[in-house]
Amino acid sequence: MTDIDENLVRQLITAQFPQWRALPIRSVANQGWDNRTFRLGDDLTVRLPSAAGYVPAVAKEDRWLPRLAPFLSVPIPVPVAVGTPSEAYPFPWSIRRWLHGHPLDSQKPDDPTRLAEQLGAFLVMLRSAPPDGPLAGSHSFYRGCHPSAYGDQVQTALAKLGPAVDAASCWAIWKAGTATVWTEQPVWFHGDVAAGNVLIDDDGLAAMIDFGTSGVGDPACDLQIAWTYFSPPERQVLRRSAGLDDDCWHRARAWALWKELIGHADSPDGRPAHVLQEILDDPVV
């Protein structure tokens, strides 16, 4: 496939949306894994899936984000237009409103405790939206499902890591997390509440982006950021603000453990060890 760069975006805009062909195009500094993102003028952004596996998220976001937005006080990337596949680029792609703010992984918040409270409140609002969206499954990469969906990956990662990790403690956390299930009606979840998808400004939480793994199911997967970003006191603020029970937090810890274990197994020198230690040390509940 052709490289996804500014020249390609210019070609696509000129061919399909000529009303915007004079606007400047520039790549954003912090690129995600699933999509490549570009500024289009001052008010728009262009997002192109980086591989075929991420294409279903385009139609999902275009359908559901406009329905979710009225229930949320935090801005989300509502679509403006949708591009079609062509000889230049084989997948559908989207144009969204540019959301102001800095990714949390590129700038520290002035008040992380306030941010933890705001993020928990956002998750409550998200769960309040009518749960008529797509049920969790392959389209969400099994976020929103039971964490046992990735039990084989946990087992493989622990075998690969061997004595580099405390396998007994990891299995205890995994057992506690997979012993519970979400027994209420399915609710909306974001699916990837990570520092790169949380935008902040001087007032704290400014916007939430990248709903490609969103859906309706168990919201436990949205709590992983408690360990991957926040300190122990801030985790407790997030816990109170998010309004979810102990069982949900046990599953959330299992989700966080899975993510860290596979990351360490794939790149043992490229992932900070302290996050895994935080998961092992702090159950939050």
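As the structure is a prediction and not an experimental result, all values here were calculated from the model.
- Note on residues 61-79: pairs passing salt bridge (Lys or Arg N to Asp or Glu O under 4.0 Å), not counting sequence neighbours, are Arg47-Glu61, Glu61-Arg96, Asp62-Arg96.
- Cluster annotation: Leu244 is not connected to Val237 through the hydrophobic network of ILVMFWY side chains, with a link wherever side-chain heavy atoms come within less than 4.5 Å.
- In this structure a side-chain-to-backbone donor-acceptor pair under 3.5 Å is missing from Ser267 to Gly263.
- Within a 6.0 Å radius of CD in Gln185, other residues, nucleotides and ligands contribute 12 heavy atoms or fewer.
- For the pair Arg251 and Asp218, the salt-bridge criterion is met [side-chain N within less than 4.0 Å of a carboxylate O].
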Full working for side-chain contact (heavy atoms from CB on, under 4.5 Å) between Ile225 and Phe230:
CA-CA 7 Å; Ile225 197 171; Phe230 291 112; 4.2 Å; yes
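- In terms of hydrophobic clustering, with Ile, Leu, Val, Met, Phe, Trp and Tyr side chains grouped at heavy-atom distances under 4.5 Å, Val58 and Ile13 are assigned to different clusters.
- For Ser241 (side chain) and Ala121 (main-chain N/O), a donor-acceptor pair under 3.5 Å exists by modelled atom type.
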Give the intermediate values and the outcome of side-chain contact (heavy atoms from CB on, under 4.5 Å) for residues Leu40 and Thr45.
CA-CA 5 Å; Leu40 178 61; Thr45 179; over 6 Å; no
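- A 4.5 Å side-chain heavy-atom check between Pro186 and Leu135 finds at least one atom pair inside the cut-off.
- Counting only residues at least two apart or in different chains, salt bridge (Lys or Arg N to Asp or Glu O under 4.0 Å) contacts with residues 160-177 are absent.
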List the steps, then state whether side-chain contact (heavy atoms from CB on, under 4.5 Å) holds for Leu123 with Val193.
CA-CA 10 Å; Leu123 296 177; Val193 182; 4.3 Å; yes
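- Asp43 CG: 12 or fewer foreign heavy atoms inside a 6.0 Å radius.
- In this structure, Arg26 places its CZ atom where more than 12 heavy-atom neighbours from other residues, nucleotides or ligands lie under 6.0 Å away.
- Within a 6.0 Å sphere centred on CD of Gln107, heavy atoms belonging to other residues, nucleotides or ligands number more than 12.
- One hydrophobic cluster, built from ILVMFWY side chains closer than 4.5 Å, cannot hold both Ile209 and Val82; they sit in different ones.
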Show your working on side-chain contact (heavy atoms from CB on, under 4.5 Å) between Trp98 and Leu44 and close with a plain yes or no.
CA-CA 5 Å; Trp98 176 257; Leu44 300 173; 5.8 Å; no
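- Within the structure, side chain to side chain donor-acceptor pair (under 3.5 Å) pairs that include any residue of residues 186-200 comprise Asp192-Asn197 (at least two apart or interchain).
- Applying the salt bridge (Lys or Arg N to Asp or Glu O under 4.0 Å) test to residues at least two apart or on different chains, none of the pairs has a partner in residues 101-123.
- Using a 4.5 Å cut-off on side-chain heavy atoms (C-beta onward), His146 and Val181 make contact.
- Hydrophobic clustering (side-chain heavy atoms under 4.5 Å, transitive across Ile, Leu, Val, Met, Phe, Trp, Tyr) keeps Phe189 apart from Val284.
- The backbone N or O of Asp203 lies less than 3.5 Å from a partner atom in the side chain of Gln118, making a donor-acceptor pair.
- For an aromatic pair to be called close, the ring centres must be under 6.0 Å apart, and Trp93 with Phe17 satisfies this.
- In this structure, Arg253 contributes its side chain and Leu280 its backbone to a donor-acceptor pair below 3.5 Å.
- Residues forming a salt bridge (charged side-chain N to carboxylate O under 4.0 Å, His left out) with Asp245 (at least two apart in sequence, or on another chain): none.
- Judged purely by atom type and a 3.5 angstrom limit, Asp5 uses its side chain to pair as donor or acceptor with the backbone of Asn7.
- Remark: Arg235 pairs with Glu278, Asp282 by the salt bridge (charged side-chain N to carboxylate O under 4.0 Å, His left out) rule, at least two apart or across chains.
- A distance of 12.0 Å separates NE2 of His264 from NZ of Lys259, quoted to the nearest 0.5 Å.
- Listed for the Gln153 side chain is no donor-acceptor partner under 3.5 Å among the backbone atoms of Ile262.
- Remark: the Thr14 side chain and the Gln11 side chain contain no N/O donor-acceptor pair separated by less than 3.5 Å.
- At most 12 non-hydrogen atoms from other residues, nucleotides or ligands lie less than 6.0 angstrom from CZ of Arg97.
- Outside the 6.0 Å centre-distance limit, the rings of Trp227 and Trp258 are not counted as a close aromatic pair.
- Between the side chain of Ser140 and the backbone N or O of Gly137, at least one donor-acceptor pair lies under 3.5 Å.
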